[in-house]
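Working notes, beginning with the structure itself.
Throughout, a chain's letter reflects where its sequence line sits, starting with A, and its residues are numbered from 1.
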2 protein chains.
Amino acid sequence: MATKRELAALRKAKATKTLDKLTSLAEKVITQAEKLDNPTVEIPIRALSNVAFNKKKHIIEMGSKTQSRTLFNVNMAKRFAQTFLVAKACKELLDAGKTTSIRDLYYMTKHSIGKTSENTFENQGESDPIIEDLEVTINTLREELHLFASNKGSMVGELTLVDAGDTIDARRQGSGGWAVPSIVEDDVIQFKKCDAKFVLLVEKDAVWRRLNEDKFWRKYKCIIIQSGGQPARGVRRLVRRMADELKLPLYVLVDNDPWGLYIYSVIKQGSINLAYESARMAVPKARFLGLSSYDRERYDLPDDSTIMLNNKDVARAKQMMKYPWFAERKWQRELKKMLDSKVKLEIEALSSKGITFISDEYLPRKLKEKDWLV
Amino acid sequence: MATKRELAALRKAKATKTLDKLTSLAEKVITQAEKLDNPTVEIPIRALSNVAFNKKKHIIEMGSKTQSRTLFNVNMAKRFAQTFLVAKACKELLDAGKTTSIRDLYYMTKHSIGKTSENTFENQGESDPIIEDLEVTINTLREELHLFASNKGSMVGELTLVDAGDTIDARRQGSGGWAVPSIVEDDVIQFKKCDAKFVLLVEKDAVWRRLNEDKFWRKYKCIIIQSGGQPARGVRRLVRRMADELKLPLYVLVDNDPWGLYIYSVIKQGSINLAYESARMAVPKARFLGLSSYDRERYDLPDDSTIMLNNKDVARAKQMMKYPWFAERKWQRELKKMLDSKVKLEIEALSSKGITFISDEYLPRKLKEKDWLV
């Protein structure tokens with residue numbers, strides 16, 4: 001087991017690596033300035049036009065198109081300066097060994113320019129995209145820049161881990177569980193004794209609590225994580241690390257509606273907006289355990305446990321059917337069945353068959369019959 | 001320390017008490033029916049008209065007005081039946097020793113009536129108020145009916161507690177912390193070794209993480225809890241129990257805007273909507289640590305760390321000035337100062353003075369100078 005000193009050394013080594021990237025970005029610009037060239041940064045484009053679905057790797061990837069951001073250009077000068085203001089603040093964080101929120105970073109970098117009424121940043125809507133620019137430009141994750149967004153999610157199960165030097169036995173986390181932090185890189189979180197055979201990620205806190213109360217994770221030797229809707233980066237990165245380092249299969253349990261299926265999709269192949277993160281956040285082998293559009297018949301769920309699809313649901317399902325990553329026949333069938341049946345199903349609908357139906361029947365049968373989609 | 005068996009016995013004793021209340025409610029109605037009277041339940045009214053601010057206890061209280069809900073009345077028959085459907089489902093939960101979400105309860109109690117197209121409940125919007133009716137009618141908390149809403153919040157600090165039989169040392173919960181569950185009654189959560197001198201509740205997760213990373217709780221011997229905005233019932237009940245059982249003062253740190261001040265107010269004296277819970281959820285001695293409208297001058301915060309009040313902020317502040325629980329001069333001054341200065345301040349604004357300004361200067365000085373409002 002890594003000692004606190006070893007962890008600190010690891011943290012420092014990782015910080016140094018990121019600092020080197022920041023420094024060489026700055027040095028390149030200084031060199032240009034000394035040569036009296038127009039200082040320029042090449043920033044990869046984060047838009048649908050520069051995104052592609054890699055069928056082989058099964059992830060949504062960012063392409064190689066970039067845009068130049070130059071200092072001596074009326075339209076770009078401010079953003080050029082903002083880029084380096086953010087880089088400077090990240091350098092300070094890394095130097096101090098501190099992390100902070102993207103909201104905090106906005107306040108750290110906001111100030112009025114000289115004696116003018118002009119501010120470096122007018123609002124966080126200006127600083128957030130600059131952070132993403134910086135991430136893609138120097139090929140780093142924001143967590144490596146010591147920045148975090150919101151955290152969400154909790155976890156229990158057959159795993160011991162170390163979090164910031166404290167040993168967390170996820171088998172003994174009571175009813176509340178361990179709150180998943182937003183930065184889960186290996187200089188903060190390290191996996192120790194793992195007795196789990198798989199990871200089950202559920203979209204909903206209330207369902208997770210049902211499974212925890214029933215000690216589902218103990219009986220089926222697994223780790224259960226709830227994401228509170230669309231998973232935060234911390235949860236996505238954590239399950240990815242579990243897939244890579246612990247070789248655990250990941251099962252995803254979401255509502256049977258377009259939004260639930262899309263949560264699975266983002267976990268599996270990443271999203272359009274954050275395509276540059278797919279390589280380190282996506283879990284291409286993630287298995288869709290449910291709720292399937294066919295579960296209503298297969299598990300004999302009563303009609304009154306369903307909810308009618310509304311117009312937004314229908315439009316979203318149709319839109320999703322056109323995405324290349326939903327092109328395979330099994331997904332077209334799932335979405336078509338949902339549209340044909342005109343109804344959606346929440347995970348909680350299983351409770352119409354009894355409080356512990358999900359723990360005692362639904363999940364065990366799903367797993368036994370290998371009734372999932374990949 | 002209570003053994004698992006003792007905890008189970010306590011849980012059972014509490015369940016029995018609630019079951020008795022449910023049973024006597026049902027028996028009363030059966031007696032009426034046998035006498036051929038119109039079965040009637042007296043339900044305390046949950047509205048502004050039945051709410052009063054108790055200046056002495058410093059909590060918002062529910063009055064004694066009730067409304068009759070009778071079976072043989074076209075307008076009430078459905079809700080009368082719904083009341084007992086919910087009571088029956090809660091009895092099942094208590095009998096089985098299980099807890100569930102209010103969403104789940106909706107699915108448990110929803111079914112079509114006979115061969116009609118009429119459902120017992122059309123949506124959760126119908127079942128939630130019935131739960132609240134039941135709570136006030138038999139004078140119980142929903143947690144005692146084994147129901148939970150959402151959970152939010154995490155905690156670290158100088159306290160050991162037992163959660164569902166697992167010992168949680170809040171001094172060793174890493175960067176994530178212990179996730180506060182939504183049911184924190186003493187048959188689930190029990191306090192053990194406490195070395196804390198106070199509790200600090202912060203509205204914002206990102207600020208909490210700053211304090212945890214800086215190990216503020218270790219240096220100042222306290223417990224830090226983040227509520228993720230308006231605290232969920234679990235967090236409110238937990239800090240109340242800490243105030244009662246551990247005799248710890250509670251400090252609240254929120255944004256300096258009307259919404260932040262109102263979060264403090266709900267923690268302190270309860271809310272209008274849930275006035276019946278104040279007696280068991282409110283912490284009348286809670287101290288408002290900040291951000292005060294005077295902090296900008298007192299802590300020399302730069303002008304560009306402020307945000308202009310918008311129309312909604314102004315209207316809300318003016319509305320709050322009229323509430324009896326904001327009538328004291330100190331609160332009128334706070335709100336007036338906010339309105340006069342025309343700006344609001346987020347806790348993160350402190351970062352404009354440095355990343356660790358909040359841990360190293362702001363909070364220590366606040367506590368040392370006893371610069372808070374009660």
Side-chain angles (χ1 to χ4, degrees), chain A residues 92-93 96 98-108 110-112 119 123 148 150-151 154-155 161-168 171-183 188-189 204-207 209-210 213-214 234 302-305 307 346 348-352 354-356, chain B residues 92-93 96 98-108 110-112 119 123 148 150-151 154-155 161-168 171-183 188-189 204-207 209-210 213-214 234 302-305 307 346 348-352 354-356:
Chain A
E92 282 169 13
L93 283 169
K98 297 283 180 187
T99 64
T100 201
S101 67
I102 55 176
R103 182 88 188 141
D104 243 13
L105 184 94
Y106 158 63
Y107 279 108
M108 283 168 66
K110 181 192 181 184
H111 58 78
S112 47
N119 287 321
N123 54 57
F148 52 78
S150 63
N151 73 340
S154 40
M155 185 191 111
L161 54 81
V162 176
D163 172 6
D166 294 334
T167 300
I168 309 283
R171 301 163 196 84
R172 302 187 58 78
Q173 291 296 309
S175 62
W178 171 66
V180 180
S182 47
I183 301 188
V188 182
I189 307 289
K204 284 177 158 170
D205 167 46
V207 177
R209 280 186 278 172
R210 163 88 281 119
E213 189 170 282
D214 296 345
D303 281 349
D304 52 23
S305 66
I307 302 173
E346 290 190 293
E348 285 95 330
L350 298 171
S351 298
S352 61
I355 314 170
T356 59
Chain B
E92 283 170 13
L93 283 169
K98 297 283 180 187
T99 65
T100 201
S101 68
I102 56 177
R103 182 89 189 142
D104 242 12
L105 185 95
Y106 159 63
Y107 279 108
M108 283 170 65
K110 180 191 182 184
H111 57 78
S112 47
N119 288 322
N123 54 57
F148 52 78
S150 63
N151 73 342
S154 40
M155 185 190 111
L161 54 81
V162 176
D163 172 5
D166 294 334
T167 299
I168 309 284
R171 300 164 197 83
R172 302 187 59 78
Q173 292 296 307
S175 62
W178 171 66
V180 179
S182 47
I183 300 189
V188 182
I189 307 290
K204 284 177 158 168
D205 167 46
V207 177
R209 280 186 279 172
R210 164 87 281 118
E213 188 169 282
D214 296 345
D303 281 350
D304 52 23
S305 65
I307 302 173
E346 289 190 294
E348 286 95 331
L350 297 171
S351 298
S352 60
I355 314 170
T356 59

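Residue with the most contacts toward chain A among B/A164, B/P181, B/G176: B/G176 (heavy-atom pairs, distance under 4.5 Å). For chain A, the option among B/P302, B/S112, B/G177, B/A96 with the highest count of heavy-atom pairs below 4.5 Å is B/G177. Highest contact tally toward chain A, considering only B/V188, B/D214, B/T356, is held by B/D214 [criterion: heavy-atom pairs under 4.5 Å]. Contacts with chain A were tallied for B/S175, B/S352, B/G354, B/G234; B/S175 has the most, counting heavy-atom pairs under 4.5 Å. Among B/K98, B/K110, B/M108, B/E92, the residue with the largest count of heavy-atom pairs under 4.5 Å with chain A is B/K98. Ranked by heavy-atom pairs under 4.5 Å with chain A, the list B/R103, B/K204, B/H111 is led by B/R103.
Residue A/L350 does not touch chain B at all, counting heavy-atom pairs closer than 4.5 Å. For B/S182, the parts lying near chain A are the backbone and the side chain together; criterion is any non-hydrogen pair under 4.5 Å. Residue contact with chain B, scored on non-hydrogen atoms closer than 4.5 Å, involves the backbone and the side chain of A/S305 alike. Residue contact with chain A, scored on non-hydrogen atoms closer than 4.5 Å, is absent for B/I102.
Look at A/R171 and B/D166 and you find no salt bridge, because none of the NZ, NE, NH1 or NH2 atoms lies under 4.0 Å from a carboxylate O.
The distance from the CZ atom of A/R209 to the OG1 atom of B/T99 is 7.5 Å, given to the nearest 0.5 Å. Taken to the nearest 0.5 Å, the OG atom of A/S351 stands 9.5 Å off from the CG atom of B/L105. Residue B/R210 holds its CZ atom at 7.0 Å from CG of A/D104, rounded to the nearest 0.5 Å. Atom CZ in B/R172 sits 11.0 Å away from atom CG in A/D163 (nearest 0.5 Å). Atom-to-atom distance recorded for B/D304:CG and A/Y107:OH is 10.0 Å, nearest 0.5 angstrom.
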Evaluate the criterion side-chain hydrogen bond (donor to acceptor under 3.5 Å, both in side chains) for residue pair A/E348 and B/Y106; output intermediate values, then yes/no. CA-CA 9 Å; A/E348 285 95 330; B/Y106 159 63; over 6 Å; no

Steps toward side chain to side chain contact (heavy atoms under 4.5 Å, CB included) verdict (B/T100, A/E213): CA-CA 9 Å; B/T100 201; A/E213 189 170 282; over 6 Å; no

